[in-house]
Every structure is written in structure tokens, then in C-alpha cells.
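Report on the structure given below.
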Amino acid sequence: MGQRYQELQDSHRAFIAEQKLFFVATAMADGHVNLSPKGMDTLRVLGPNRVAWLNVTGSGNETASHVEHDPRMTLMFCAFEGKPLILRLYGQARAVHRGDEDWENCYGLFDPLPGARQIFVLDVELAQASCGMSVPYFQYLGEREQLNDWARAKGEPGIRDYWRNRNDASLDGRPTGIAEKSGLAPLAGAGMKADMP
């Protein structure tokens with residue numbers, strides 16, 4: 001049984017700051033469960049019970065769709081070097097879109113990234129730390145630049161078209177809110193069709 005905390009401890013914050021990778025899990029009562037790896041410098045601890053992470057444009061937009069209908073979210077961090085540890089943050093999340101009042105304040109927490117799509121703010125209800133002794137060692141070699149290069153090549157108008165055409169519905173056909181909340185008109189029959197690298 002892991003140790004449970006009602007808020008993030010200083011040691012948790014230090015551990016999170018060292019991580020180059022985290023995982024996000026969301027689900028609704030039915031349909032597919034989503035689990036996504038997240039890299040780059042896209043997560044900020046805002047307080048003992050709140051974190052935010054910047055979501056960049058990808059082939060799917062499952063997290064936004066799930067949070068729109070059921071705000072449960074879990075973040076997981078694993079130690080791939082040093083002392084073993086797995087840290088999970090459980091809570092309720094909301095998506096901040098470019099059309100929202102607090103977009104500029106939230107986006108200002110991060111270094112600008114091409115293709116920035118939403119920011120998810122997670123109110124942490126429970127933090128759980130467990131041993132992580134079965135997690136193997138991995139060496140961090142650097143960030144991949146392909147996604148940034150793809151977004152820069154698309155440009156802002158191309159990214160917005162991509163949201164409307166490819167990111168406006170989940171795998172289960174549920175709306176993600178990206179078009180409406182970013183001030184874009186949705187296209188009839190728009191869904192997910194990947195044309196990413």
C-alpha cells in the first residue's frame with residue numbers, strides 16, 4: 001500500500017520538477033480509457049493542491065473530451081533514475097481553451113510552444129507515493145523536436161484548421177469542445193484522422 005497525502009509535500013514538488021516525462025489518464029463511464037505520455041517542459045505545480053499542464057496539438061484530443069464530460073484525472077510520475085518512486089496525483093480537472101478568460105494568465109505560466117492547444121488545471125484531492133522498485137532505469141537523452149517542427153510548419157491558421165478537422169471529436173465520437181471554445185466553427189462530420197509525423 002502506498003503512502004497517501006491530502007496535499008503535495010515539498011519532496012513531491014522536488015521530484016516532479018526533476019521529471020522529463022509524466023502520464024495522464026482520463027475516462028468516462030463508458031468508452032475508451034485514455035492514457036497519454038507527456039514530455040517537454042509542460043507542467044507547473046501551482047500550490048499544494050493544484051497543478052497545471054500545457055497540452056500541445058496531437059493526433060487525438062481524448063483528454064479534453066473526457067474532462068468535458070467527467071473531470072476525473074490522474075497524473076503519474078515515475079523515477080527512471082535514482083531512488084525508486086511512483087507518484088500519482090488524483091483529482092478533478094478543467095480545460096482552459098484559448099477562448100477562455102483565463103487563457104492568457106494560464107498560458108503565461110509556460111514558455112510558449114508551437115501548437116499549444118489547451119491547459120489542464122488539476123485540483124489534487126489525493127497524492128499517492130509508492131515504491132516504484134519494478135520501474136527500470138532509463139537514460140534521458142534529450143527532447144524530440146518533430147512535434148514542434150510539425151506545428152511550426154502548419155502555422156497558426158493550419159493548427160486551427162487541424163483542431164476543427166481532426167481534434168473536435170474523441171475516439172468515441174464525443175465532442176472535445178476545441179472548436180467552440182477556441183472560437184472556431186466546427187465542420188460537419190469532423191473527427192480524428194491523423195496526418196501527423
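Fair warning: this is a prediction, and the values are worked out from it, not measured in the lab. Only heavy atoms go into these numbers, but all of them, side chains included; no hydrogens, no water, no symmetry mates.
To the nearest 0.5 Å, atom OG1 of residue Thr176 and atom CZ of residue Arg117 are 8.0 Å apart. Annotation: the span from Ile159 atom CD1 to Lys154 atom NZ amounts to 7.0 Å, rounded to 0.5 Å. We find the CG-CD distance between Asp70 and Glu68 to be 11.5 Å, quoted to the nearest 0.5 Å. Distance check: Arg88 CZ to Arg4 CZ gives 11.5 Å after rounding to the nearest 0.5 Å. Atom CZ of Phe22 and atom SG of Cys78 lie 12.5 Å apart (nearest 0.5 Å). Distance check, rounded to the nearest 0.5 Å: CZ of Arg166 to OG1 of Thr57 gives 13.0 Å.
In plain terms, the two heavy atoms of Met73 and Ala93 that are nearest each other are CE-CB, 3.6 Å. What you find for Leu35 and Ala25 is that their closest heavy atoms are CD1-CB, 4.0 Å. Scanning all heavy atoms of the two residues, the minimum distance from Val67 to Ala95 falls at CG1-N, 4.0 Å. Between Ser59 and Asn167, the closest heavy-atom pair is O-ND2, 3.7 Å. Of all the heavy atoms in Val121 and Cys106, the pair that sits closest is CG2-SG, 4.5 Å. Considering all non-hydrogen atoms of both residues, Ile119 and Ala52 come closest at CG2-CB, 4.2 Å.
With salt bridges taken as basic N to acidic carboxylate O contacts below 4.0 Å, one links Arg164 and Asp161.
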**Report entry** Verdict with reasoning, Asp172 to His32, per side chain to side chain donor-acceptor pair (under 3.5 Å)
**Finding:** CA-CA 7 Å; Asp172 299 309; His32 294 83; 2.7 Å; yes
Exercise for the section: Apply side chain to side chain donor-acceptor pair (under 3.5 Å) to the pair Gln118 and Asn55, showing each step before the final yes or no. Expected result: CA-CA 5 Å; Gln118 297 112 348; Asn55 189 27; 2.8 Å; yes
Exercise. Does the side-chain contact (heavy atoms from CB on, under 4.5 Å) test come out yes or no for Val24 and Phe120, once each step is laid out?
Worked result: CA-CA 11 Å; Val24 178; Phe120 290 94; over 6 Å; no
Practice item. Decide side-chain contact (heavy atoms from CB on, under 4.5 Å) for Met76 and Ile86; before the verdict, give the C-alpha distance in whole Å, the side-chain angles of both, and the deciding distance to 0.1 Å. Key: CA-CA 7 Å; Met76 185 179 76; Ile86 296 171; 3.8 Å; yes
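Between Asp102 and Glu104 there is no side-chain heavy-atom pair separated by less than 4.5 Å. Using a 4.5 Å cut-off on side-chain heavy atoms (C-beta onward), Leu113 and Asp111 make no contact. Side-chain contact between Tyr90 and Leu75: absent, with no pair of heavy atoms (C-beta onward) separated by less than 4.5 Å. The closest side-chain heavy-atom distance from Phe15 to Lys83 is not below 4.5 Å. Inter-residue side-chain proximity for Asp168 and Tyr162 is flagged as unmet; no heavy-atom pair is nearer than 4.5 Å. For the pair Phe77 and Leu85, the minimum side-chain heavy-atom distance is 4.5 Å or more. Between Glu125 and Glu7 there is no side-chain heavy-atom pair separated by less than 4.5 Å. Annotation: side chain of His69 is in contact with side chain of Pro175 (closest heavy-atom distance under 4.5 Å).
Using a 4.5 Å cut-off between side-chain heavy atoms of Ile, Leu, Val, Met, Phe, Trp and Tyr, with links allowed through other members, Phe110 and Leu43 fall into different hydrophobic clusters. Met40 is not connected to Trp53 by any chain of hydrophobic side-chain contacts under 4.5 Å among Ile, Leu, Val, Met, Phe, Trp and Tyr, and they are in different clusters. In the hydrophobic clustering of ILVMFWY residues, with side-chain heavy atoms under 4.5 Å counting as a link, Met28 and Leu171 come out apart. One hydrophobic cluster, built from ILVMFWY side chains closer than 4.5 Å, cannot hold both Leu54 and Val51; they sit in different ones. Follow the hydrophobic side-chain contacts under 4.5 Å out from Leu46 and you never reach Leu8; the two are in separate clusters.
The backbone N or O of His97 sits less than 3.5 Å from a side-chain atom of Asp100, completing a donor-acceptor pair. Not one N or O on the side chain of Ser130 forms a donor-acceptor pair closer than 3.5 Å with the backbone of Gly2. Counting only distance, with no hydrogens or angles, the side chain of His66 and the backbone of Thr26 share a donor-acceptor pair below 3.5 Å. Judged by distance alone, with hydrogens and angles left aside, the side-chain atoms of Asn49 form no donor-acceptor pair with the main-chain N or O of Leu122 at under 3.5 Å. Without hydrogens or angle criteria, Arg72 side chain to Ala27 main chain gives a donor-acceptor distance under 3.5 Å.
Looking at Trp163 and Ser182, their side chains never bring a donor and an acceptor atom within 3.5 Å of each other. A donor-acceptor contact under 3.5 angstrom links the side chains of Gln3 and Tyr5, judged on distance only. Checked by atom type, the side-chain pair Asn61/Thr63 shows no donor-acceptor distance below 3.5 Å.
Both cation-pi conditions hold for Lys20 and Tyr140: the charged atom is under 6.0 angstrom from the six-membered ring centre and inside a 45 degree cone around its axis.
Counting heavy atoms of neighbouring residues, nucleotides and ligands inside a 6.0 Å radius, atom CZ of Arg144 does not exceed 12 of them. Counted within 6.0 Å of CD on Glu81, heavy atoms from surrounding residues, nucleotides or ligands total 12 or fewer; the atom is thus considered open. In the displayed structure, Arg44 atom CZ is contacted under 6.0 Å by more than 12 heavy atoms of other residues, nucleotides or ligands. Taking a 6.0 Å sphere around CD of Glu145, one finds it holds more than 12 heavy atoms contributed by other residues, nucleotides or ligands.
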